[in-house]
Amino acid sequence: MSHKNFPMVPRVIFGRGSFNQLNEILAPKRLNIDAPFIFLIDDVFKGNTDLTSRISLSYDDRIIFISADEEPKTSQVDKLVEDIILNTKERPSGIIGIGGGTLLDLAKAVSIMLTNDGDSKSYQGWDLVKNPAVYHVGIPTISGTGAEVSRTTVLTGPDRKLGINSDYTPFDQVILDSDLTIGVPHEQWFYTGMDCYIHCIESLSGSYLNTFSQSYGDMAFELCQEVFLDNNLSEMESREKLMMASWHGGMSIAYSQVGVAHAMSYGLAYLLGTKHGIGNCLVFDHLEEFYPEGVKLFKQMKEKHNIILPKGICANLNDNDFDVMINIALGLTPLWENALGKNWQKIITKEKLKALYQKI
Ligand code: NAD
Ligand code: ZN
């Protein structure tokens, strides 16, 4: 068996107010005055001068505001890359993604596609990227996905929802400033936070578990319990802890894998556009059979934070719709193998998956 040689983010800065150091971090990375920095920023920050006034733009540097209402698509990445190429004199010095998983994944994908030919859909998969990406920086403004540390950028393409997994995907620099997460709406805080919690449960109970993954997973799990169940944390502590939980959760799955909730959530996302955080919650709520303790705790967290999940998401779907979701979910072999072991196909059948989807 060959062991994965996993690339990590080489530089990270942590702490409240660390965003103020962005300009000094970028300055030495400027290649020349014709090679700008491109900032891809979640459009919730449009008009938020507290954030944008702290970014100093020089020469041809540009801010592009992008909506996170929908998850990133391969066609969206290709358009952005074309726009950047057509409007810059030289290849950019760097791409800086500021936002949640959506913006972080877009920044990673754009930085890869600036140096690799063709369409982004042809790089969905494992280790298909040939050339190193443009220098790229990730600055999360909401915590949970682990996209800030991961080796993937998840894109929805014409045929599938699948990541560009490569050694060139991870950020060159990450800035973890928990003050940037102050404005996150309550429900979104919960859904994206639960993505991290579910990463822990799926990693820690999977057959791929190893000491590397467990050490990060245990830490993330503990932090999630503090953030979502402890009454004694200040909001500031809670924001910092969730940011670190996200990081550790991402590190845990880097060397193991996710499981049933993620496989099924990808099906929902592909067919209905259900977003990752809430999709995971919708599915996980019905997975007692696979994760009894994890689901019990999840329900406690839901109740404590007055989260009422939408119902009847799959009520009006026809057989063909169910087939589409089931095929997407079952196509994710490593996730099932991690969750249920080598003989997973004997345990999870199409009928069983359909029955689970029908509950959502
Ligand atoms: P998101 O980026 O989709 O953002 C969710 C919502 O929160 C958006 O409406 C956004 O505008 C808002 N928001 C973000 N920061 C805010 C702030 N500070 N104040 C107010 N509003 C704010 O959410 P997410 O859950 O972080 O990311 C989901 C995406 O991440 C999915 O596309 C999923 O596929 C991807 N993902 C990637 C990885 C990876 O390893 N690459 C892992 C998990 C998920
Ligand atoms: Zn996830």
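All ligand and atom numbering here is 1-based and tracks the order in the structure.
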Check: What residue pairs, at least two apart or across chains, pass salt bridge (Lys or Arg N to Asp or Glu O under 4.0 Å) with a residue in residues 317-332?
Finding: Asp319-Lys354

Based purely on interatomic distance, does [X] place a nitrogen or oxygen under 3.5 Å from a nitrogen or oxygen of ligand 1?
X      : result
Thr192 : yes
Asp195 : no
Leu180 : yes
Thr102 : yes
Gly101 : yes
Thr152 : yes

Check: Among Asp42, Val44, Leu155, Thr153, whose heavy atom sits nearest atom 10 (C) of ligand 1?
Finding: Asp42

Next item on the list: Would you indicate which of Gly99, Gly97, Ser150 comes nearest to atom 40 (O) of ligand 1 when only heavy atoms are counted?
Entry: Ser150

Between [Y] and [X], is the closest basic N to carboxylate O distance under 4.0 Å?
X      : Y      : answer
Asp195 : Lys275 : no
Asp83  : Lys79  : no
Lys29  : Asp172 : no
Lys241 : Asp230 : no

Atoms of ligand 1 less than 4.0 Å from [X] heavy atoms?
X      : answer
Val154 : 34 (O), 37 (C)
Pro185 : 20 (C), 21 (N)
Gly100 : 2 (O), 26 (O)
Pro72  : 32 (O)

Next item on the list: Check the side chains of Ser207 and Lys342 for a donor-acceptor pair under 3.5 angstrom, ignoring hydrogens and angles.
Entry: no

Check: For residues Thr169 and Thr153, is any side-chain donor paired with an opposing acceptor at under 3.5 Å?
Finding: no

Item checked: ligand 1 contacted by Tyr191 (non-hydrogen, < 4.0 Å) -> no

Item checked: Residue part near ligand 1, for Asp105, under 4.0 Å between non-hydrogen atoms -> side chain

Notebook entry, point to check: ligand 1 versus Pro140, non-hydrogen atoms closer than 4.0 Å: side chain, backbone, both, neither?
Noted result: neither

Notebook entry, point to check: Are any of the side-chain heavy atoms of Val110 and Ile38 separated by less than 4.5 Å?
Noted result: no

Checklist line | Check against salt bridge (charged side-chain N to carboxylate O under 4.0 Å, His left out), Lys4 and Asp167 | finding: CA-CA 11 Å; Lys4 279 197 270 187; Asp167 282 353; over 6 Å; no

Next item on the list: Check whether more than 12 heavy atoms from other residues, nucleotides or ligands sit under 6.0 Å from atom CD of Glu303, and answer yes or no.
Entry: no

Note to self: Within this structure, what is the NZ-NE2 distance for the pair Lys359 and His286, rounded to the nearest 0.5 Å?
What the structure shows: 7.0 Å

Margin query: For the Zn ion (ligand 2), what is the number of protein N, O or S atoms at a distance under 2.8 Å?
Written below: 4

Note to self: Less than 6.0 angstrom from the centroid, inside 45 degrees of the normal: does Lys161 satisfy that with respect to the ring of Tyr266?
What the structure shows: yes

